[in-house]
Amino acid sequence: MSDPVKVRFAPSPTGFLHIGGVRTALFNWLFARHHGGQFVLRIEDTDHERSTEESITEILESMKWLGLDWDEGPYRQTERQEIYTQKVDQLFKEGKAYRCYCTPEELDRKRNEAQKKGLKPKYDGTCRERTDQLEGSPSVIRFKAPLEGSVVVDDLLRGKVVFDIEELDDLILQRTDGSPTYNFVVVVDDADMGITHVVRGDDHLSNTPRQCLLYDALNFTRPKFAHISMILGQDKARLSKRHGATSALAYREMGYLPAAMINYLARLGWSHGDQEIFSREEMIQHFSFDSVNTSAAVFDPDKLSWLNEHYIKTTPPEELARQLEPVLVSTGVLQSGHGLDASEIAKVIPSLNERAKTLVEMAEKSKFYFNKEVEFDEKAKTKFLTANARPLLEKVIAGLSPMENFSAEEIETLFKKIVEEEGTKLGKLAQPVRVALTGTTVSPGIYDVILLLGREQTLVRLNNAFQAI
RNA sequence: GUCCCCAUCGUCUAGCCUGGCCCAGGACACCGGCCUUUCACGCCGGCGACGCGGGUUCGAAUCCCGCUGGGGACGCCA
């Protein structure tokens, strides 16, 4: 809790928010919360071509779902045009920027040529020293960067990273249409918003020296940088759609809990000794860049799944019920407007939370409880609801009907007694009953099922099965 | 191609900064067993790594150099 900290997450709205973005957001958020600082959300929508409103909506929805709350924003760069124009003018007047009339085609050609010769494909400075103004010709504004020396980027995670200025070129600040480019706005915005620490993906490290030069040219103090590693797919290639689901909301649809997602992503690159399970409070308390790894990490769906199972098991039933409810509706187990409240839904959870890896799985397994009509699995029916089962079911019905203390203990005593009388095994009795009550061979413990359904419903289902044989 | 980053079990990681406590610890996955009314859960056990080559040192996973490998950047994308 030393100096005030202000960080930001700045996604571009050109698609859904993916896992890698979430982790960047999370590290920013954790750092801010740990230091009692500010977390800003800024939408980098300077690319008119590809930015969409739907993306913005989805990004906000993802952040909310994951509980990554922001203190300022969401700012949108398209609404801040004025300040960019002003800063470009400033650089222009100070001789730190110039007009460039090279066409994209020309530049493309030069780049290819340079690359063919094995040279760095950078801008050759054709317009850097030109003094004439070509009225009416389209032009961009470029930054007149220093020509020699080196830039030292001081990274919190990697130490001092040195770049030779000769590797850099005069980047474009403003496009032909007058809109600013990323490397420029990011500097202006971060400085203007008072960002103290820029925490972002590794892929931005090589942009950083250019940005440092811009900070210097604009007389801004450079923020501190922390470039976190990227997330890779199982084949060690950059994580993309072909590795499966990469959008945050896709995980919500698949029935993952935000707590599991957050815990998983936090441990991807960050650690605190051998601890694997972290509450939000613990993460915030322990988070530090001192314990953040710099090597790239492979996304492991199995471990995410394990964490999801863990949180399904340990979240209090009523709380989990609130997260399960929309899934019950989306999977069609319940109709919207079902009228059940969380406490009613929560009743099935204790019997299911050790058997479901996701909320979707849990919803499917809870059908027997919410649907009054038993949906029979044909194979289960022919295998277990047989003539042999008839006398067994009959005894269960006879035993359950008058039972005074309708409890698991009493039911168990009854089952044991029937097994003994019939000279059979518990499995031979439990399976037919299970099929009669749930329609399938797989369910929670049979006594739990009976208790859950209640005596009345149990007897109805047992009788139906009995008569159908 | 050039520049930059990275390198411990299949995967996530602890250890590395401040060499000996590490013939390397934990977790996921996998395999075997136990428990058992189904399916799971759980419990117990097993398999499994310091990329390679040079140094420095009494001693290196830990420090230095090279190599190799992986990733990233080089856009009027962000």
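Below, read A as the first sequence line, B as the second, and so on, with proteins coming before strands; counting in each chain starts at 1.
Taking atom P on both B:G51 and B:A61, the two are 10 Å apart, rounded to the nearest angstrom. Nucleotides B:U38 and B:C50, compared at atom P, are 43 Å apart to the nearest Å. The separation of B:C31 from B:U8, taken at their C1' atoms, amounts to 23 Å, rounded to a whole angstrom.
In terms of phosphate contacts, A:Arg111 brings a side-chain nitrogen or oxygen within less than 4.0 Å of OP1 or OP2 of B:G75.
Residues A:Ile284 and A:Trp29 have side chains in contact (heavy-atom distance under 4.5 Å, counting atoms from C-beta outward). Using a 4.5 Å heavy-atom cutoff, the side chains of A:Lys224 and A:Phe289 are not in contact. In this structure, the side chains of A:His18 and A:Ser62 stay at 4.5 Å or more apart for every pair of heavy atoms. Looking only at side-chain heavy atoms (C-beta outward), A:Leu268 and A:Arg23 come within less than 4.5 Å of each other. Side chains of A:Leu437 and A:Phe368 form no contact here, defined as non-hydrogen atoms less than 4.5 Å apart. No side-chain heavy atom of A:His197 sits less than 4.5 Å from a side-chain heavy atom of A:Asn28.
Residue A:Glu276 has its side chain nearest to B:G26 when only B:U13, B:A73, B:G26 are considered. Listed nucleotides B:A78, B:C28, B:U2 differ in distance to A:Asp302; the shortest reach to its side chain belongs to B:C28.
At a cut-off of 3.5 angstrom, the base of B:U37 holds at least one donor-acceptor pair with the side chain of A:Arg434. No donor-acceptor contact under 3.5 Å links the side chain of A:Asp203 to the base of B:A78.
At distances below 3.5 Å, not a single donor-acceptor pair connects side-chain atoms of A:Arg130 with backbone N or O atoms of A:Thr126.
A:Ser229 comes within 4.0 angstrom of nothing in the nucleic acid, heavy atoms only. Base contact: A:Thr176 has a heavy atom under 4.0 Å from a base atom. Base engagement by A:Asn207 is indicated by at least one non-hydrogen atom pair under 4.0 Å involving a base atom.
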Going 5' to 3' through nucleotides 39-44 of chain B and flagging B where a protein heavy-atom sits under 4.0 Å of the base, S where only the sugar-phosphate is that close, and - otherwise, we get BBSS--
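Atom CZ in A:Arg210 sits roughly 15 Å away from atom P in B:C3 (whole-Å rounding).
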